[in-house]
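Okay, so here's the structure we're looking at.
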2 protein chains.
Amino acid sequence: MEAVAMDMEKAAMIFKLLGDKTRLTMVKILDETDCCVCEFVEIFRMSQPSISQHLRKLRDAGVVKEERKGQWIFYSLNQVSELYPFVRQILQTLPDQGEKLKELEKNGGRIACC
Amino acid sequence: MEAVAMDMEKAAMIFKLLGDKTRLTMVKILDETDCCVCEFVEIFRMSQPSISQHLRKLRDAGVVKEERKGQWIFYSLNQVSELYPFVRQILQTLPDQGEKLKELEKNGGRIACC
DNA sequence: TTACTATATAATAATTTACTTATATATTCA
DNA sequence: TGAATATATAAGTAAATTATTATATAGTAA
């Protein structure tokens, strides 16, 4: 894989953003599948406002985008962002989070939403 | 290059550590050459205690190591750390900081120390 | 020894962060 | 329409972060 260059200012900003376990895991999960807010609430067992605030930070930086589907708002990686290749590269070094999704599905957390 | 795996906990910790422009730049510089504290003070135009505290965080995490040489204490990347391959991989995506070292040398900041 | 230099640590202050609870907004559905 | 659900935002708070100034420590050199 080709290394993706990034200026120091932006790189530090992204690392800071991803330097939080919740946000880092969110982004890794979004690399595998889109998710709505209530799914993250279930996965992280954290209050809904807290989840929303983390997602806002990721969205403000352009790392993720949102798309309303009826009652739900789905988040996904923003593939159009200039940051996308850099973020992608980082995510490749992180362990698969498929287990979290499987468990969510097992507990019915996926069906209720999507 | 092979991607280096890292568990989420540790990855988030490293990103947080590198999510500060000063520390990120320090580590990138150390990837090019060892430096002593007074050189960083000169490069970043920041107080000596502030530089020392950033270096302490990097050292506490095992990212850098120190070695006293007479009056000076030289910092370098800790190649023995389990984090080293991961950090190295991140650094490869960042722009060369050779200019900062050249400028330091031009201003005599390098000669006084080393 | 004394003075000087390089560095670390302590104490502190301003700012930022990551939660919480309460409330507002938007959509669906009876 | 009104109730229920999903999400966002606001306000408040405790803890963490990053700088500062003041001081301690360790080495060098007169």
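Lettering follows sequence order; numbering is per chain, from 1.
- Remark: side-chain polar atoms of B:Arg23 are paired, donor with acceptor, to backbone N or O of B:Leu17 under 3.5 angstrom.
- In the set D:dA22, C:dT27, D:dA8, D:dA22 carries the atom at the smallest distance from any side-chain atom of B:Pro49.
- Taking every heavy atom of both residues into account, A:Leu18 and A:Leu24 meet most closely at O-CB, 3.4 Å.
- For B:Ile51 and D:dA19, the CD1 to P distance is 8 Å, given to the nearest whole Å.
- Toward the 5′ end of DNA chain C lies the nearest nucleotide of B:Ile73, the other residue of the pair B:Ile73 and A:Met46 mapping further downstream.
- Spacing between atom CZ of A:Arg45 and atom P of C:dC19 amounts to 16 Å, rounded to whole angstrom units.
- Here the P atom of nucleotide D:dA6 and the CD atom of A:Glu67 are 18 Å apart, to the nearest Å.
- Here the side chain of A:Lys28 pairs a donor or acceptor atom with the backbone of A:Leu91 at under 3.5 angstrom.
- Contacts between residues 52-66 of chain A and DNA chain D, defined by a heavy-atom separation under 4.0 Å, are made by A:Ser52, A:Gln53, A:Arg56, A:Glu66.
- The CG-C1' distance, from B:Leu18 to D:dT18, rounds to 16 Å in whole Å.
- Minimum atom distance to the side chain of B:Gln71 is reached by C:dT5, of the listed C:dT20, C:dT5, C:dA8.
- B:Trp72 places its CH2 atom 14 Å from the P atom of D:dG27, with the value rounded to the nearest Å.
- Considering all non-hydrogen atoms of both residues, B:Gly62 and B:Ser81 come closest at O-CB, 3.3 Å.
- Taking atom NZ of B:Lys21 as the reference point, atom P of C:dT16 lies 16 Å away to the nearest angstrom.
- Residue contacts for A:Tyr75: at a heavy-atom cut-off of 4.0 Å it reaches the sugar-phosphate backbone alone, with no base atom in range.
- The terminal axes of the helix from C:dT1-D:dA30 to C:dA30-D:dT1, fitted over 5 pairs per end, subtend an angle of 10° to the nearest 10°.
- Here the closest non-hydrogen pair linking B:Ser52 and B:Val37 is OG-CG1, 4.1 Å.
- A:Lys65 is listed as a side-chain neighbour of A:Ser76, based on a closest heavy-atom distance under 4.5 Å.
- The listed nucleotides are C:dT21, D:dA19, C:dT7; the one nearest the side chain of A:Ser47 is C:dT21.
- Pairing each heavy atom of B:Tyr75 with each of B:Leu30, the nearest pair is O-CD2, 3.3 Å.
- As judged by a 4.0 angstrom heavy-atom cut-off over every strand, A:Lys16 is placed among residues touching the sugar-phosphate backbone only.
- With D:dT7, C:dC19, D:dA26 as the choices, the nucleotide that has an atom nearest any side-chain atom of A:Ser50 turns out to be C:dC19.
- With hydrogens and angles ignored, a donor-acceptor pair under 3.5 angstrom links the side chain of A:Gln48 to the base of D:dA8.
- For the ring-ring contact (aromatic ring centres under 6.0 Å, His included) test, residues two or more places apart in sequence or in another chain that qualify with A:Phe86 are A:Phe15.
- Distance alone, capped at 3.5 Å, places no donor-acceptor pair between the A:Ser50 side chain and the A:Met46 backbone.
- Between B:Asp20 and A:Lys16 there is no salt bridge, since none of the side-chain N atoms of the basic residue sits less than 4.0 Å from a carboxylate O of the acidic one.
- Each of A:Thr22 and A:Lys69 lies near DNA chain C, and the nucleotide nearest A:Thr22 is the one positioned closer to the 5' end.
- When rounded to the nearest whole Å, the span between CG of A:Leu17 and P of C:dT17 equals 10 Å.
- Regarding B:Leu24, its CG atom lies at a distance of 13 Å from the P atom of D:dT18, rounded to whole Å.
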